[in-house]
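Below, chain A is the first sequence line, B the second, and so on; all start at residue 1.
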Amino acid sequence: MSDQELPKTYDPAQSEQKWYSLWLSRRYFHADEKSAIDHFSIVIPPPNVTGSLHIGHALNSTLQDILTRWMRMSGRNTLWLPGTDHAGIATQNVVERQLAKDHIDRHALGREKFIEKVWEWKKDYGGRIIAQLKRLGASCDWDRERFTMDEGLSRAVREVFVTLYEEGLIYRGERLINWCPRCHTALSDIEVEHEDEQGKLYHIGYPLSHDPSIRLVVATTRPETMLGDTAVAVHPLDPRYKDLIGKTVNLPLTSRTIPIIGDSILVDLEFGTGAVKVTPAHDFNDYEAGLRQKPELPRIKMLDEKGEVRNDIPDVLPDVMKLIHGKPAKKARGIVAELLHEQGYLIKTEEHAHSIGKCYRCKAVVEPYLSPQWFVKTGPLAKPAIKAVEDGKVRFVPKGWENTYFDWMRNIKDWCISRQIWWGHRIPAWYCDDCGEITVSRTDATACGKCKSKNIHQETDVLDTWFSSALWPFSTLGWPTKTPELARYYPTSVLVTSFDIIFFWVARMIMMGLHFMKEVPFKDVYIHALVRDAEGQKMSKSKGNVIDPLVMIDQYGTDAFRFTLAAFAAQGRDIKLSPERIEGYRNFANKLWNASRFVLMNIEKDFIPAKMVTQDASLADQWILSRLHSIMQEVRSALAEYRFNDVASGLYQFIWHEYCDWYLELSKTALNLDRNSTARQATQTTLVTVLETVLRLLHPIMPFITEELWQMIPESVRTKKAESIMVAAYPVPDQTQINRRIENEMQTVMELIMAIRNIRGEMNIAPSMQITAIVKVEQKELGEHLQKAEDYIKTLARIKDLRIGDRETKPKTAATAVIKGAEVYVPLEGILDLAQERDRLIKEIAKTSKDIDVFTRKLSNRDFIDKAPKAVVEKDTAKLDDLRTKHKKLEQNLEMLE
RNA sequence: GGGCGCUUAGCUCAGCGGGAGAGCACUGCCUUCACACGGCAGGGGCCACUGGUUCAAUCCCAGUAGCGCCCACCA
């Protein structure tokens, strides 16, 4: 390629497309299950098929890709297994809505036809998020892409279900569960989101049966459910009411007489009136209280599966029934309250804040609903899962999340796994119409397991989506078949996810993994931040604050976007993302691009790296190499500890502020030397070597631009002549290259240059003007060092005449700066503005005095001298000396000026 | 009600026992032959508040205030 062809700005679009398809065609993403090399494996948290890539996926996938690419470059047998989740309720809702546009109702369509429609939908749109992951540069092994409803995973689901049933860990029973009246299905406890709402507390007087003139006043937020009341509870020790226990009240609006019971658990003496209406079919506490009674309280359902008032509630007066049947719960509340008011039973209402449950999929208000459901008995599964984390077999990063996990797991309730929807894994249970037996089977049953009757029908419920996700780490690898993949890649190395699904997913994977594989599903769980918008709101479409990753990618390029995500992935923090930030990193990509342009322009096309000998390598060369190897070390340890932000900022800092700002400028002096000069060759070699190494270090975060640039670097420089950067080796630091002495020497040179630049800047000396500088050193040795760096100083500080020595003196009119071990004078005859120089010096002196104060105070403290570590005292003493010297010299210079 | 987290430069955030940092924004100068998606030089902070531990506290401990999140059956 020709240098002239390289444009001044990096164009992400063409490069991304080109390299991704090349990587795919060369099968770099493919993991070889036969390879015996140490493995590294990750399973992707499967996004919903209905999903389109949002910023959370982008962060999650970027971090996984960084780890995957890093490990692959480090020579591990690396698998990142992708796939999607069938997302039962969510997908069913999406397809239902789609059908509704054509005025088709799923019930009219029928179950089988509807499921066909969902599969069709999946075929058309399900691949969308996969395509988007590819745009992000995800290096997943696409050959192994799985779907939670595909054949293999369905087999795993059935195997797990039947086994747990046989072990008595799955059971069926009628229970009070959370019911979404909109989705028409049961939900598990964690699928209910609680929100505070301002409601009313209604005080209702229930007349005592034996003396209706006396009323027992109950307080409730849901008066409509009184139609299902089967008791009133009071505290057994409550002096106001305890004598009423065993008596009855007449339930208003009905012909029902219900008992007054004592229940110390249900009733809080302090709250409301101290008397509670008990509706066992519509409230979890009341349900439990009903079970505690001997005999159990009857459970009267007053709402149907749509959340509307039934028309067959026993005992309700016909007039009342006529008014409210078929009304949604909230409307019924108003009607009942009005009726109670009219008839004089409503004592008062007061404002009352309470939390209501909403469906996490559709946000409809969830009703407690009595119905037959399937459950997983979680206790026995949770126990080993708790232990695995306690024993460190699974490690949460950051560790704090372990508490969240423990809290939930130690109080875990049985998991309601049946859903009354159509899209999902249908429960493999068959009911016998003759003898009522339930047959649970790995294969489709054709006859009753007990009476052999062929008169059986399958359960219509499907399983909770999270049931199949819980098996993901092993079901995707072929389980229950003992595949080579399973043996090779399970347990996986790390799970990367966000905290909102620790309960839904992480905990359940650990339980299922331990139970069926006898081994944890992953060793590390890296919990990353949640992405929010610039105002800190959780992004949601309804708020209109969604940052679309694909728009960002189009606008700034995938690499800039990925770098932004990595830079903001600090542990335990929410990420607030704004486009300006991405723009900043787009500029960084461009900086890298132009630095590479510079390097490539300054080496010959057939460049052969020089064999570096120390005497050929300049101070700058040695310095940048030392810095490079330090950075390598930092980057590697940051990656190993999931400190992605440190990886990003470390590389940013090094590339921009050390390599570009300093080394590239310093290299110019050597590049101007004669073609055959060994010094020039050494610098060329250093330039290109550092660039090549940095590209490899950066590749996991910025895969595209690094590949584009790496391919332009002469083959002779690229390690092992790999054909792509993504299969080149990840850089390993060489301790012998790290040189403290060189770094210190360079530091002094840089300080000198900065001091002169400061004078130039503050004195308003035109950048184009070449000036004279005189450096008076305290010791000859330092002078010699600085003399060796003479060219650097001249070029970077724009000096035409530089004098360095221990016998130099200050010219009559000059600006002064003091650095460690030397004074710098810039003679400014004719231009010197005395007032300006005075101000500059005063500012500098003030700064120095302030520092001196701090250190003097510290060092005059006896206890500090006695008790602080020696090294600290010594360091501070030396520092104070330097500061005093500097201060004195500056003052002298100020005096001379006046 | 229980738990967790946060409060550092105008903004977004690192740092977490020994002289307060970054990016963006801001000010001045500069179209210097890698880059104006740029360069150089600057300005800007009682590190929320109050106590305590320590020779030393932005950092550790306790409390206060504000903000955020999670869990929970407050009728």
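Look at the C1' atom in both B/A25 and B/G5: the space between them is 28 Å, to the nearest Å. B/A22 and B/U64: their C1' atoms are spaced 31 Å apart (whole Å).
Computed from coordinates, the A/Leu883 CG to B/G19 P distance equals 12 Å when rounded to whole Å. In this structure, A/Phe864 places its CZ atom 12 Å from P of B/G18, rounding to the nearest Å. Atom CE in A/Met763 sits about 18 Å away from atom C1' in B/C30, given to the nearest Å.
A/Lys591 comes within 4.0 angstrom of a base, heavy atoms only. Within 4.0 Å (heavy atoms only), A/Tyr652 reaches sugar-phosphate atoms of the nucleic acid but no base atom. If you check every strand for non-hydrogen atoms under 4.0 Å, A/Ser768 touches nothing. Within 4.0 Å (heavy atoms only), A/Leu266 reaches at least one base atom of the nucleic acid. Using a 4.0 Å heavy-atom cutoff across all strands shown, A/Arg581 reaches at least one base atom of the nucleic acid.
Between A/Glu195 and A/Lys358 a salt bridge is recorded (basic side-chain N to carboxylate O distance below 4.0 Å). Salt-bridge formation is detected for the pair A/Arg222/A/Glu367: a Lys NZ or Arg NE/NH1/NH2 atom is positioned less than 4.0 Å from an Asp or Glu carboxylate oxygen.
Taking 3.5 Å as the limit, the base of B/A34 and the side chain of A/Glu665 contain a donor-acceptor pair of atoms between them. Not a single donor-acceptor contact under 3.5 angstrom links the side-chain atoms of A/Asp407 to the base of B/G3.
Aromatic rings from A/Trp593 and A/Tyr10 are positioned such that their centres are separated by under 6.0 Å.
For A/Trp656, whose side chain is taken as the heavy atoms from C-beta onward, the closest listed nucleotide among B/G39, B/C37, B/C70 is B/G39.
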